[in-house]
Amino acid sequence: MPETALAFSGPRIEATLVRHARDYPVREAAIVVNTGVTDVHIAETPRKSIPPLSSTILADTRVERADTLVLLRVRDEAGLPGVTEDPGWDLLGDVLAGFPRDTPLWKSPQDDAGTVTFDAAHLLGEAPEPLRPETYDVKVNLWYAPAGTDCAIHNQHDFIEVHTQVHGIGRMQKFREQDHRTLYQDVVMAPGYTTPDPFCSTAPDGTYLYPWHQYRADTDCVWLAVEYHRRPAAH
């Protein structure tokens, strides 16, 4: 069962990708993210699972079987704001055209976390059976924002995404319009928590429809983004 340090793993946050886990021991407390699309069972009684696209905190136990897992451990909580000085971290306003440079939102290097096959409509709860499975590349990266940061209301993504809280207390928020006064759902996130469902739905043309949404940092926050990018159809 190969273990690989992810591109954003460092002295402050250790991030490991585990593939093809079989009786995998989690000895030290870690946030364990199931980036696959099948249940991951924990070897305890009663037998419970980590559902697809979700996470928990485990310690001193074993994972029976998993296609891919991401394990996250905060190693230097006091020095965590310095994570933005690690190699490959960028202020989003420096690398994304049009994003305001006065918004203190930082992005780590992105890394690959394997591939999965699923029917998007089935995964998103729109269809009872998986009728059109497709292959998706899984990409992961960390984000950092200091306390009080609104990370910009937006509604455009060409992928399916979920977020896992790594450090601090944050919120994933939904709005009716690109206006903070139109907030209609506020999902509080503590370490180890993943947004329970992707926010998007499928569109007839194969794209994804997102509500206006944003991440807000109540405290200094680090979170993991897991993105599912559909592979172009072969011709």
Side-chain angles (χ1 to χ4, degrees), residues 8 13 15 31-35 50-57 70 72 74 77 80-81 83-84 89-108 110 120-121 123-126 138-203 207-229:
F8 45 84
I13 300 174
I31 298 170
V32 179
V33 186
N34 177 8
T35 58
I50 309 171
L53 280 62
S54 69
S55 61
T56 191
I57 298 174
V70 171
L72 301 158
V74 176
E77 190 164 323
L80 210 52
V83 72
T84 60
W89 280 78
D90 292 301
L91 181 69
L92 190 60
D94 287 342
V95 296
L96 181 62
F99 192 86
R101 294 195 72 256
D102 59 354
T103 298
L105 175 60
W106 298 78
K107 182 179 181 180
S108 79
Q110 192 170 69
L123 181 79
L124 298 173
E126 302 164 6
V138 186
K139 298 182 180 297
V140 291
N141 65 269
L142 295 177
W143 294 91
Y144 170 83
T149 303
D150 287 307
C151 296
I153 302 173
H154 58 290
N155 68 350
Q156 298 292 319
H157 291 299
D158 60 357
F159 48 80
I160 297 170
E161 69 171 0
V162 293
H163 297 90
T164 299
Q165 192 74 10
V166 179
H167 171 79
I169 302 296
R171 300 168 186 267
M172 284 298 297
Q173 301 179 318
K174 296 180 186 178
F175 304 85
R176 293 188 182 88
E177 301 173 24
Q178 197 175 16
D179 183 333
H180 288 94
R181 294 171 299 180
T182 65
L183 174 72
Y184 70 87
Q185 187 174 3
D186 204 8
V187 181
V188 179
M189 300 179 65
Y193 181 81
T194 295
T195 44
D197 295 295
F199 280 6
C200 63
S201 61
T202 59
T207 59
Y208 304 109
L209 298 174
Y210 277 86
W212 291 106
H213 67 284
Q214 74 156 1
Y215 185 93
R216 175 175 170 80
D218 288 1
T219 67
D220 291 354
C221 283
V222 177
W223 64 100
L224 176 79
V226 184
E227 301 175 357
Y228 296 84
H229 294 256

Return the set of residues passing side chain to side chain donor-acceptor pair (under 3.5 Å) with Thr207 (not counting sequence neighbours), or none when no residue passes.
Asp205
Side chains of Thr35 and Tyr228, heavy atoms from C-beta outward: is any pair under 4.5 Å?
yes
Is there a side chain to side chain contact (heavy atoms under 4.5 Å, CB included) between Val33 and Val140 once you walk through the steps?
CA-CA 11 Å; Val33 186; Val140 291; over 6 Å; no
Name the orientation class of the two ring planes belonging to His157 and Phe159 (parallel below 30°, tilted from 30 to 60°, perpendicular beyond 60°).
tilted
Is it true that atom CD of Glu77 has more than 12 heavy atoms of other residues, nucleotides or ligands lying nearer than 6.0 Å?
no
Quick check: do Pro146 and Asp220 have side-chain heavy atoms less than 4.5 Å from each other?
yes
Once you round to the nearest 0.5 Å, how far does CG of Leu105 lie from SG of Cys221?
11.0 Å
Once the angle between the rings of Trp143 and Trp223 is folded into 0 to 90°, is it parallel (under 30°), tilted (30 to 60°) or perpendicular (over 60°)?
parallel
For Lys107, enumerate each residue passing the salt bridge (charged side-chain N to carboxylate O under 4.0 Å, His left out) test, keeping only those at least two apart in sequence or located in another chain.
none
Mind checking ring pair (Phe, Tyr, Trp, His ring centres under 6.0 Å) for Tyr193 and listing every partner two or more places apart, or none if nothing turns up?
none
Salt bridge (charged side-chain N to carboxylate O under 4.0 Å, His left out) with Asp197: which residues, sequence neighbours excluded?
none
Sorted by chain and residue number, the salt bridge (charged side-chain N to carboxylate O under 4.0 Å, His left out) partners of Asp158 (sequence neighbours excluded) come out as none
If only atom types and distance count, is the side chain of Gln110 paired as donor or acceptor with the main-chain N or O of Asn141 below 3.5 Å?
no
Residues two or more places apart in sequence or in another chain: which of them pass side chain to side chain donor-acceptor pair (under 3.5 Å) with Thr194?
Ser55, Thr164
Can we call the ring centroids of His163 and His213 under 6.0 Å apart?
no
Restricting to non-hydrogen atoms, name the atom on Gln214 and the atom on Phe175 that form the minimum distance, rounded to 0.1 Å.
CG-CE1, 3.7 Å
Step by step, would you call Leu142 with Trp89 a side chain to side chain contact (heavy atoms under 4.5 Å, CB included)?
CA-CA 9 Å; Leu142 295 177; Trp89 280 78; 3.7 Å; yes
